[in-house]
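Following: one structure in structure tokens, then a few remarks.
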Amino acid sequence: MTDEPAERADTPPDAVELLQSYLSSSPARRLAAFGDLVRHLQAAVGEQRQELAAGLLRRVPVPGLDYTAARGLAEIYRRLCAAGAASGKGMRLAVLGGFTTEQLTELIGLFSFMRGASVEVYRAGYGVFRQEILDPSSPLGRFCPDMIFLATSWHDLARRPGPGDEDSRVEELLEEELADWLGLWQRAHEQLGCQVIQSNFAPPPWRPLGNHEARQRAGFGRFVASLNALLQDRAPVFVTIHDVAHLAAAAGLWTWSDPRYYHLAKMPCAPELLVDYADSVAALVGARLGLSKKCMALDLDNTLWGGIIGDDGLEGIRLGPGEPEGEAFSEFQAYLKQLRERGVLLAVCSKNSEQVAKAPFEEHPDMVLRLEDICCFTANWNDKARNLRGIARQLNLGLDSFVLVDDNPAERALVRRALPDVAVPELPADPAGFIRAIEAHRYFEVLSLAPEDLARTDYYRANAARAQAESSYDDLDGFLRSLAMKGRSAAIDRGSLERSAQLINRANQFNLTTRRYAQADLAVLMEDEGWVTQCFWLSDRFGDNGLISVVLAKLEGEHLEIDTWVMSCRVFQRGMERFVLAKLLDIAAEWEVTAIHGEYLPTERNQLVRDLYRDFGFEQTYRGEDGGSRWRLGLPAGGVELGCFIEDESDG
Amino acid sequence: MDDLLAQLQELFRTVFDDDQLILRREMTVNDIEGWDSLRHVDLIIATEAHFRVRFATAEVARLAERDQNIGTFLELIGDKLS
């Protein structure tokens, strides 16, 4: 029972029924169910109900789609594009192929749309990827891509060792081959400034040397494997290596390669696997656009362990060694733990009393996941949709950041209907198949990993603890004092450069002037004696908030001009602004300037700091019609309120 | 219209995205708009998947030639199914 008005689903019941019916159909029924779904989609498009068709199309799961079905959906997507109804986060993608890329490109466009992107594609002619990049007058340049995808296969390798080649000769060939690719990427990056996705190389499935192929450096199999390793190690930061070798291995090398289709149409793999190939690229496009999922909401009974904790108790649930099904659940938990360690959030969403639900996490010896791995633990008797909305609110994430993992088909259907934005993968009845069922969707693709990602769960847990503490205080001062906050200030250096640039470029609310600086530009200011570039950290008894404020100020003769001041929204209303200003006053005193000048440039998002300088006692020297303002604080400043509950831990 | 032809007509309708398409035995590559090499590949893929047959490399290439028509295509499928 929800106490909120009926959720506006963007697809009416009959369309959801068709989708549901397709998802839960048996293999025998599958084709017919899919046919019904496609006809419904086509009808919707034909009747000008494009929004509806687009919404439904986005929810068709990709795993399990065969080639012909996917091409059918691509047709529908094409019509939606023509009608202007295929919206999403924009991206210009250039596909440059060494093999035939027409079908692959269509599918990449479709699957990117299904992940929330709207990709405009430029597809180069067959086999001319080198020329397109090297020739400055090629159409590629005029297209201005955000991303280039190099669709290459082992046929595109310019060199291969001969059987009698010495190890040193093989090394030479590897370095030469690598140098060619490096040169191509460098050229693309210089001309176009965009991200490059380079496919690595799946080896042919045959091994003339049999088992010895992997040992013999001059064997082609070994050569390809060595090259792939070099690609991963030596690719510059603007290149992402698309792991086709893994796609092929996962499919099975013989299943992957269908020589007939290479001979007939220069297709890189069996057509059925082109679907997986395209989805793999679409997941990278999605990752680039920030569309990857962020949180898994986990059911407990028969999802994390076998059995029902409320009925079976700690001794009765099936988990851990000694029982095959128990081992399957342990392995699933270990997989989830690895996801959480790399920055995916895990939440619990279970129909159980909280105490009973927490017991295994606290006491069962074979639980791999513990409470510290869970950023939000929701166990009650409310319906899942309501609980998921609550979790989303608490974590301050959109519902479209969530994946629901639940063994119960009825619960899955309920959430799909009530919350169309939440991803709900089908799970097999056998827990040994859970990992594969989830992996198939590529929900959590990333292009790189930062320390912030690794600490993400800790940050959310600390914030939850803070919120709870705050609710137990009547006065703000009492709460702030209880936090035992410690602040630190330092000049920006190599170590803090990346995070400082990130903050400058992402902060919207606490941002006085919204000037954006590329990391390279910030590095220049960092070295400039005429600039003060200061960054700030804040921690408290619950945890470390990390680097949360940056100030860039220019020395202009007798005064210090604050060019940029940003602060992370994580630490609003803790007194950090006063800490920062106190530091600025110290720095101003060191430089013996007579005043500090500040500026406020209004945007849609930074109303928060409109009166910041006024509140500190700065004098307004200018006021513009657009709401912009300039301010001055004469030094030495008397009467500026700088007291805060933050202890200074800075060096020196 | 016999069953095999009916099934093949369905496949053509899906691949060519034309639910009005009528297939006749005499029709060749030239008689259906949009039947280029790319569509030919899609057709072969759909046919192999639906009938659970496998065409040899040469058979696929041959099917696109001028003296072949739907009739010969159906014969080939029929042979593989028997």
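Letters A, B, ... mirror the listed sequences (proteins, then strands); counts begin at 1. In this text the structure is predicted, and so the values were computed from the model without any measurement.
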Are there residues of residues 260-269 of chain A whose heavy atoms fall under 4.5 Å of chain B's heavy atoms? If so, which? A/Arg260, A/Tyr261, A/His263, A/Leu264, A/Ala265, A/Met267
Tell me the residues of residues 65-76 of chain A whose non-hydrogen atoms fall below 4.5 Å from those of chain B, in number order.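 Against chain B, the residues of residues 65-76 of chain A that fall inside the cut-off (heavy atoms, under 4.5 Å) are A/Tyr67, A/Thr68, A/Arg71, A/Glu75.
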Should we say atom CD of B/Glu65 is surrounded by more than 12 heavy atoms from elsewhere, each under 6.0 Å from it?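 Result for CD/B/Glu65: enclosed.
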Under 6.0 Å from the NE2 atom of A/His246, do we count more than 12 heavy atoms belonging to anything else shown? no
Got a sec, which residues hit side-chain hydrogen bond (donor to acceptor under 3.5 Å, both in side chains) with B/Glu75, two or more places apart in sequence or on another chain? none
What pairs with B/Thr14 under side-chain hydrogen bond (donor to acceptor under 3.5 Å, both in side chains), at least two apart in sequence or on another chain?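 Testing B/Thr14 for side-chain hydrogen bond (donor to acceptor under 3.5 Å, both in side chains), a comparison that skips the adjacent residues, returns none.
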Answer yes or no: is there an ion pair linking A/Arg79 with B/Asp17, defined by an N-O contact shorter than 4.0 Å? yes
Would you say the side chain of A/Gln103 lies within less than 4.5 Å of the side chain of B/Val41, judging by non-hydrogen atoms? yes
For B/Ile44, which atoms come within 4.5 Å of any heavy atom of chain A: side chain, backbone, both, or neither? both
CD1 of B/Ile45 to CG of A/Leu274, rounded to nearest 0.5 Å, is 8.0 Å
